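The chain is numbered in sequence order, starting from 1. Both backbone and side-chain heavy atoms feed into the values below; hydrogens, waters and symmetry mates do not. Since we're looking at a predicted model, the values are computed, not measured.
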Amino acid sequence: PAELRFWAVTEASDMAWVGRLIDVAPDGSTSLITQGWLRGSFRHVDPERSRPGAPYLTDDRDTPVTVGEDIGYRMDIWDTAYTLAPGHRLRLWLSSADTPTHEPLQVAGRNLIFHDSDHPSQLLLNTRAAEPACGAAPAKCPPLPAARVAGRTASRCAKVRVAVPRGLRHVRVTVAGRRARTTRDHGRRVVVIPARARKRAVAVRITGVDRHGRRVTISRRYSACV
């Protein structure tokens with residue numbers, strides 16, 4: 001998961017925020033890794049259903065932005081898996097427009113972003129150590145997260161789950177080429193890996209429609225037991 005936390009002052013009663021993570025190569029060329037969107041008036045976060053790197057935005061209340069007041073925001077950046085090559089840099093691009101992908105808000109105003117001891121704006125990212133690419137052999141694939149039992153990691157080959165990205169609608173999931181069901185785990189939708197797929201490498205494919213009406217497909221291969 002990835003999350004952008006920042007403080008800003010704006011001259012408008014509402015503001016759109018667009019955050020992009022970009023791979024910058026040594027020659028200056030860039031590649032988009034992932035991105036996230038937030039409307040300032042729908043910034044409310046449920047603290048009980050959130051965790052560092054994964055804010056839960058309820059999207060159920062319209063709270064106008066107070067002009068001239070420094071306000072803290074938590075923006076959810078879409079989950080992805082990406083390898084940053086040696087010598088490449090990670091760029092965070094923050095803006096208030098995403099034309100022509102999205103229609104701009106019918107307001108205009110200047111923004112001031114804070115980053116100091118009182119307003120510690122930050123980008124939270126999950127990282128993992130470098131390792132060989134996942135191939136056909138189960139031993140080379142990243143393990144699925146084991147189920148939690150009474151606060152500890154369950155035994156090997158336990159019931160395992162994969163989180164569905166937040167905000168997806170009309171979700172369809174396949175595991176090893178077959179339809180799979182989803183369930184709720186602490187307020188988040190997850191894919192349950194069936195027992196028949198827990199002792200070998202398994203491909204998980206999640207498709208759905210995001211909050212902006214775009215079709216999203218996420219595919220990844222895992223080894224179910226390590």
**Asked** How about Thr58 and Asp46: does a side-chain donor come under 3.5 Å of a side-chain acceptor?
**Response** no
By ring pair (Phe, Tyr, Trp, His ring centres under 6.0 Å), Tyr73 pairs with (sequence neighbours left out) Phe6, Trp17
Arg169 atom CZ, neighbour heavy-atom count above 12 within 6.0 Å: yes
Mark yes when over 12 heavy atoms from residues, nucleotides or ligands other than Arg205 sit less than 6.0 Å from its CZ; otherwise mark no.
no
Nearest heavy-atom contact between Arg189 and Thr182 is CD-OG1, 3.5 Å
Is there a donor-acceptor contact under 3.5 Å from the side chain of Gln35 to the main chain of Arg20? no
All heavy atoms of Ala180 vs all of Val191, minimum pair found to be CB-CG1, 4.3 Å
* Asked: With a 4.5 Å heavy-atom cut-off, do Thr10 and Val67 have their side chains touching?
  -> no
| Are Val65 and Val9 connected in a single hydrophobic cluster, I mean Ile/Leu/Val/Met/Phe/Trp/Tyr linked by side-chain heavy atoms less than 4.5 Å apart? | no
One should read off an interatomic distance between Ile33 CD1 and Asp23 CG, to the nearest 0.5 angstrom, of 5.0 Å
Rounded to the nearest 0.5 angstrom, the CH2-CD distance for Trp7 and Gln122 is 7.0 Å
Counting only heavy atoms not in His44 (residues, nucleotides, ligands), do more than 12 fall under 6.0 Å from its NE2?
yes
side-chain contact (heavy atoms from CB on, under 4.5 Å) test vs Leu94 passes for just one of Ile113, Leu123, Val18, namely Ile113
In short, Asp76 meets Gly53 closest at the heavy-atom pair OD1-O, 4.5 Å
Rounding to 0.5 Å, atoms OG1 (Thr34) and CG (Asp79) come to a distance of 7.5 Å
| Do His88 and Pro26 have side-chain heavy atoms sitting under 4.5 Å apart? | yes
Self-check item: Heavy-atom side-chain proximity of Pro55 to Arg43 below 4.5 angstrom
Solution: no
Minimum side-chain heavy-atom gap Leu21-Thr80 below 4.5 Å | no
Discussion item. Is there a side-chain contact between Asp62 and Phe42 in this structure, where contact means two heavy atoms from C-beta onward sitting under 4.5 Å apart?
Written reply: yes
Rounded to the nearest 0.5 Å, the CD atom of Glu11 sits from the CG atom of Leu112 at a distance of 9.5 Å
In this structure, CG of Leu125 is separated from CG of Leu90 (nearest 0.5 Å) by 6.5 Å
For Ser96 and Asn111 the tightest heavy-atom approach is OG-ND2, 2.8 Å
Same cluster (ILVMFWY, side-chain, under 4.5 Å), Leu124 and Tyr56 = no
Can a donor-acceptor pair be found, under 3.5 Å and without considering hydrogens, that links the side chain of Arg91 to the backbone of Thr30?
no
Do Arg74 and Ser50 have side chains that get closer than 4.5 Å, going by heavy atoms?
yes
Those residues at least two apart in sequence (or on a different chain) that pass ring pair (Phe, Tyr, Trp, His ring centres under 6.0 Å) with Phe114 are His119
Between the CD1 atom in Ile206 and the CZ atom in Arg172, the distance rounded to the nearest 0.5 Å is 13.0 Å
